[in-house]
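To start, the structure under review is shown below, and the notes come after it.
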Amino acid sequence: MHKKPVLLVIAHGSRDPRHAATIHALVRRVRSLRPGLRVETGFLDFNIPSVHGVLESLATEGVRDVVALPLLLTRAFHAKADIPAVLRDAPPQLRIRQAEVLGPSPLLLSALERRLYEAGLTPADKSSTGVVLASAGSTDPEAIAVIADIAREWRHTGWCAVRPAFASASLPRTEDAVRELRALGCRRVAVAPYVLAPGFLPDRIARGAAAADVLAEVLGPAPEVAQLMVHRYDGASTKALLSTRVSA
């Protein structure tokens, strides 16, 4: 019987121990959705095991097919440069497909709304609530444009207004977007972190949300995120390999 490709979840990594703990919780949820699927986790930086270390171990075991899933919300530098470089350096006997990054996706909007409702909002609050879509930020214009597009799309689902904000590299900052929504006349302002796990930049988002009425939790192991990861795996595992190295 043909064995399913191993799913290798590639996370950024952080010195903050909450980051790895949240990633592992998310991966456990993915395993619960697909009990027969082998799921491994590798980190680009700060945490172990490293992506390279996991790939070496899989090759030593005799694994041949791997789907590498970047645990990223936008196609910025890590998705375009870092991760392909690490995968190119993998043991040559591995056949690797690189899955698409997670965002954008309607499932992520559902997860954002889940977190806002868990923080105290209700669907009846939407029309009077302005939301700050607070992401980590990027120097990549494509990634910034995607965040702005998501904010516009989310606004059309009934919120008073939605404004993007960035914790680094780009403007506006979270606190500026909160002030702008107040000035627009939204009755309440909520901050929705568009980040997967706690860490330095999510903490900066939280500080910027001091004047908001509601601060949602990071996306973390939301069921919608786990479901999306399975979708991305399925999409990549059915793609033909473009080469014996990496297909993106």
Side-chain angles (χ1 to χ4, degrees), residues 7-32 39-55 68-83 85-86 101-103 108 111-112 114-116 118-119 132-140 143-144 146-147 150 164-178 190-212 214-226 228-229 232:
L7 171 56
L8 172 57
V9 175
I10 300 179
H12 186 276
S14 171
R15 292 188 180 90
D16 189 322
R18 296 173 299 166
H19 176 90
T22 302
I23 298 304
H24 290 312
L26 177 56
V27 168
R28 284 194 296 273
R29 193 178 278 274
V30 172
R31 290 192 183 112
S32 74
V39 187
E40 300 289 344
T41 309
F43 295 91
L44 290 172
D45 212 349
F46 301 118
N47 301 104
I48 55 173
S50 68
V51 176
H52 184 73
V54 175
L55 291 169
L69 172 60
L71 211 54
L72 301 168
L73 297 175
T74 57
R75 269 185 50 77
F77 180 77
H78 291 301
K80 295 176 179 178
D82 280 6
I83 291 174
V86 171
V101 298
L102 297 180
L108 290 175
L112 287 165
R114 169 189 291 276
R115 293 301 189 224
L116 285 170
E118 289 169 352
V132 179
L133 179 68
S135 78
S138 174
T139 55
D140 187 305
I144 297 303
V146 165
I147 299 298
I150 293 168
F166 307 95
S168 68
S170 314
L171 294 173
R173 294 283 179 259
T174 302
E175 52 269 36
D176 301 326
V178 170
V191 173
Y194 189 60
V195 292
L196 284 167
F200 176 73
L201 293 177
D203 283 349
R204 183 180 284 177
I205 289 170
R207 290 193 297 274
V214 172
L215 170 62
E217 291 292 326
V218 297
L219 293 170
E224 296 87 354
V225 179
L228 179 56
M229 291 168 69
R232 293 290 186 252

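What you see is a predicted model; the values in this text were computed from it and never measured. Just so it is clear, the values below take in all heavy atoms, side chains as well, and ignore hydrogens, waters and symmetry mates.
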In sequence, state the C-alpha distance, the side-chain angles, and the governing distance for Asp16 and Asp203, and then conclude on side chain to side chain contact (heavy atoms under 4.5 Å, CB included). CA-CA 11 Å; Asp16 189 322; Asp203 283 349; 4.3 Å; yes
Go through the steps for Arg114 and Glu224 under the test side chain to side chain contact (heavy atoms under 4.5 Å, CB included), then give the verdict. CA-CA 9 Å; Arg114 169 189 291 276; Glu224 296 87 354; 2.9 Å; yes
In sequence, state the C-alpha distance, the side-chain angles, and the governing distance for Leu196 and Thr22, and then conclude on side chain to side chain contact (heavy atoms under 4.5 Å, CB included). CA-CA 8 Å; Leu196 284 167; Thr22 302; over 6 Å; no
Side chain to side chain contact (heavy atoms under 4.5 Å, CB included) evaluation trace for Met229 with Val39: CA-CA 11 Å; Met229 291 168 69; Val39 187; over 6 Å; no
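Inter-residue side-chain proximity for Leu201 and Ser135 is flagged as unmet; no heavy-atom pair is nearer than 4.5 Å. Leu108 is not listed as a side-chain neighbour of Ile150, based on a closest heavy-atom distance of 4.5 Å or more. In this structure, Ser168 and Arg204 have side chains that are in contact, with non-hydrogen atoms separated by less than 4.5 Å. Residues Ile10 and Val86 are not in side-chain contact: their nearest non-hydrogen atoms beyond the backbone lie 4.5 Å or more apart. In this structure the side chain of Thr41 never reaches within 4.5 angstrom of the side chain of Val54, judged on heavy atoms. For the pair Tyr194/Ile205, no side-chain contact is recorded, criterion being any heavy-atom separation below 4.5 Å from C-beta on.
No donor-acceptor pair under 3.5 Å is formed between the side chain of Arg18 and the backbone N or O of Pro198. No donor-acceptor distance shorter than 3.5 angstrom exists from the side chain of Arg75 to the backbone of Ala143, with no hydrogens or angles considered.
Taking CZ from Arg28 and CZ from Arg31, the interatomic distance works out to 8.5 Å, rounded to the nearest 0.5 Å. Within the model, atoms CD1 of Ile48 and CG of Asp45 stand 13.0 Å from one another, a figure rounded to the nearest 0.5 Å. From Thr174, atom OG1 reaches atom CG of Leu215 across 9.0 Å, with rounding to the nearest 0.5 Å. Here Leu102 contributes atom CG and Thr74 contributes atom OG1; the two are 10.0 Å apart, rounded to the nearest 0.5 Å.
When all heavy atoms are compared, the tightest approach of Ile83 to Pro70 is CD1-CB, 3.5 Å. In this structure, Val101 and Arg232 approach most closely via the heavy-atom pair O-NE, 2.8 Å. A pairwise comparison of heavy atoms in Leu26 and Gly220 identifies CD1-O, 3.8 Å as the closest pair. Contact between Ile23 and Ala197 at its shortest, heavy atoms only, is CD1-CB, 4.1 Å. Ala119 and Ala216 get closest at one heavy-atom pair: CB-CA, 4.0 Å. Nearest heavy-atom pair across Ala169 and Gly137 is CB-C, 4.4 Å.
The environment of CZ in Arg15 is sparse: at most 12 heavy-atom neighbours from other residues, nucleotides or ligands sit within 6.0 Å. In the displayed structure, Glu217 atom CD is contacted under 6.0 Å by at most 12 heavy atoms of other residues, nucleotides or ligands.
The side chain to side chain contact (heavy atoms under 4.5 Å, CB included) with Val191 is formed by just one residue from the set Val214, Val132, Leu116; it is Val132. When the options Leu71, Val30, Leu73, Leu219 are evaluated for a side chain to side chain contact (heavy atoms under 4.5 Å, CB included) with Val225, the one that passes is Leu219.
Below 30°, between 30° and 60°, or above 60°: for His19 and His12 the angle between ring planes is above 60°, a perpendicular geometry.
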